[in-house]
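Written out below as structure tokens is the structure these notes cover.
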Amino acid sequence: MYSGVRAVVAVLTVHVQGVALVDLSQAIQDLFTDIRDTAQIIAPIAAIVGFIGLGLMYLGSSWPIIGQWKQDNPRAANQVIVGL
């Protein structure tokens, strides 16, 4: 009896949409693959937004709003560069 239970616990399958049985380790691997693929799409977009923001901080200093903000936050550009 216990060997049958161990075999069932060792296999650990998940029923997906009533059609296919997927091994739990395969489902976890697919999840992390999806997360990696999503991160590979989001990361370049975030980098582009960061570089545009950094350019506005440097080139927009002559604008009163950005110039005042830059005086209030002198380390902001360094933090953006470290983040990128």
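In this text the structure is predicted, and so the values were computed from the model without any measurement.
A distance of 8.0 Å separates CD of Q26 from OG1 of T33, quoted to the nearest 0.5 Å. Residue I42 holds its CD1 atom at 11.0 Å from CD1 of I35, rounded to the nearest 0.5 Å. Taken from CZ in F51 to CG in L56, the straight-line distance is 13.5 Å, to the nearest 0.5 Å.
Under a cut-off of 6.0 angstrom, the local environment of CD1 in I65 is sparse, with at most 12 non-hydrogen atoms contributed by other residues, nucleotides or ligands. Residue R75 qualifies as open at atom CZ: its count of foreign heavy atoms under 6.0 Å is 12 or below.
One hydrophobic cluster, built from ILVMFWY side chains closer than 4.5 Å, holds both Y58 and V80. Residue L54 is not grouped with residue I48 when hydrophobic side chains (ILVMFWY) are merged at heavy-atom distances under 4.5 angstrom, including chains of intermediate members.
For the side chain to side chain donor-acceptor pair (under 3.5 Å) condition, no pair includes a residue of residues 37-52, sequence neighbours left out.
The two residues S61 and K70 come nearest to each other via the heavy atoms OG-NZ, 3.2 Å. Smallest separation of non-hydrogen atoms from P44 and A39: CD-O, 4.4 Å.
Chaining together hydrophobic side chains whose heavy atoms lie under 4.5 Å apart places I66 alongside W63.
Contact annotation: the side chain of I28 approaches that of F32 to within less than 4.5 Å [non-hydrogen atoms, C-beta and beyond].
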